[in-house]
K.L.:
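The structure follows.
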Amino acid sequence: MAETYTSRLEEAISWARKYSLFTYPFATACCAMEFMATMAPKYDIARFGAEFPRFSPRQADLLFIVGTIVEKQAPVLLRIWEQMAEPKYVIAFGVCASTGGFYQNYSTVPGADQIVPVDVYIPGCPPRPEQVLDGLMLLQKKIQEGTTWVQQRDRREREKGIEPPRPRPRRLPVIS
Amino acid sequence: MAKADLDKLVATFPEAIVATHSHCGDETAVVLPSHLSEIMRWLKESGGFDLLVDLTAVDYLGRDPRFEVVYHLRSMQTGNRLRIKVQIGEIEGGPPPEVDSVVSIWPAANWMEREVWDLYGIRFAGHPDLRRVLLYEEFVGHPLRKDYPKERRQPLVRRENLLP
Ligand code: SF4
């Protein structure tokens, strides 16, 4: 007799999504070296189903913010995030992307979460590949549980009766 | 060594030299801003200093004159180096401090002078296109001045209600 599996559809989809993350590396500074090490065979991010960097945000659903974000670059980061395919997730890689790190000056954004919603923060300057993989597994756990920012927003909107495709603000207001 | 070049400079423009300084083969001359163009053109054409290595500024907050613009010159024939400085003060509440541009002598000065204007707020008279080069146009102030507060942020975008 054939075995049968039952699951909620949403859980099955989350399971599939968490093992097929398409990453967009927004690599701006020295942390990118460690990102390359994580991608390379020794640590091999492919074991977690996230081996495929897409250099177009429209083909990616995981934004890796790798390195320092400066104020001049912030509109670019926001535009990239807006262009990414839904549902999308964001990892802040290194202390610079998480909090601004040791920079406290006129040019550095104090954390990428000032601009886009971040799901997982990976501390370290730069973080070791083990930490990165740990962060990726944490993100997979969040996707499975449905606690990433985008999933929570979707759930909230569904409760309000808004079904996708939903109207979205084109851009956040520009503060000059 | 460059000492000979420095001596020649002092002998040619005795009235324009404020101070000279030699240390471990590094020759420096502080010159009057009014004679800067003349001296620089002479250094390029007669002194053989055909390369402008760097052009930058220093803010000595609390000193009068407050700013110093520094030119690092090098001769590609002899390999000698020479440093020229001009001191410029600031009038409280007045127009920004200004020195003569050297773009017409060394075209390499173009972006360096723009950078000094961007970060220190020193204007260069005669510069062909004195705009900000590193920071964005919306930026107010000159952040490498010592009195620019380090915690001041001038964001272009900020998130709005992105909490889950
Ligand atoms: S966290 Fe450290 S290694 Fe990473 S971008 Fe910042 S300074 Fe570079």
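The chains referred to below are lettered A, B, ... by the order of the sequence lines, with proteins before strands, and numbering in each begins at 1. Bear in mind that the values here come from a model prediction, so they are computed numbers and not experimental data.
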K.L.:
Checking an interface table here. Which of residues 129-137 of chain B come within a heavy-atom distance under 4.5 Å of chain A?
P.N.:
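From residues 129-137 of chain B, the residues near chain A are B:Val133, B:Leu134, B:Leu135, B:Tyr136.
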K.L.:
Is the CZ atom of A:Arg47 crowded by more than 12 outside heavy atoms at less than 6.0 Å?
P.N.:
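Correct, the count exceeds 12.
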K.L.:
Start with the C-alpha gap between A:Glu71 and B:Arg153, add the side-chain angles, then the distance that decides, and say whether side-chain contact (heavy atoms from CB on, under 4.5 Å) holds.
P.N.:
CA-CA 9 Å; A:Glu71 297 286 5; B:Arg153 298 288 190 286; 3.9 Å; yes
K.L.:
Around atom CZ of B:Arg114, are there more than 12 heavy atoms from other residues, nucleotides or ligands closer than 6.0 Å?
P.N.:
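Yes, CZ of B:Arg114 has more than 12 neighbouring heavy atoms, counting only those of other groups under 6.0 Å.
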K.L.:
What part of A:Thr108 is in contact with chain B, defined as an atom under 4.5 angstrom from a non-hydrogen atom: side chain, backbone, both or neither?
P.N.:
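It is the backbone, since no side chain atom gets that close.
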K.L.:
Are A:Trp149 and A:Leu62 connected, step by step, through hydrophobic side chains (Ile, Leu, Val, Met, Phe, Trp, Tyr) whose heavy atoms are closer than 4.5 Å?
P.N.:
no
K.L.:
Please report the interatomic distance CG(B:Leu144) to CG(A:Asn105), rounded to the nearest 0.5 Å.
P.N.:
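Here the rounded value is 9.5 Å.
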K.L.:
So, for B:Val157 and A:Ala74, which heavy atoms are closest and what is the spacing to 0.1 Å?
P.N.:
CG2-CB, 3.6 Å
K.L.:
Is it the case that atom CZ in A:Phe52 sees more than 12 heavy atoms from other parts of the structure closer than 6.0 Å?
P.N.:
no
K.L.:
Are A:Val109 and A:Tyr103 connected, step by step, through hydrophobic side chains (Ile, Leu, Val, Met, Phe, Trp, Tyr) whose heavy atoms are closer than 4.5 Å?
P.N.:
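Cluster IDs for A:Val109 and A:Tyr103 differ.
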K.L.:
Using a cut-off of 6.0 Å, state whether more than 12 heavy atoms not belonging to B:Trp111 lie near its atom CH2.
P.N.:
no
K.L.:
Under a single-linkage definition using a 4.5 Å side-chain heavy-atom cutoff for Ile, Leu, Val, Met, Phe, Trp and Tyr, are A:Ile69 and A:Tyr121 assigned to the same hydrophobic cluster?
P.N.:
yes
K.L.:
State yes or no: do A:Leu63 and A:Leu136 share one hydrophobic cluster built from I, L, V, M, F, W and Y residues joined by side-chain heavy-atom distances below 4.5 Å, directly or via other members?
P.N.:
no
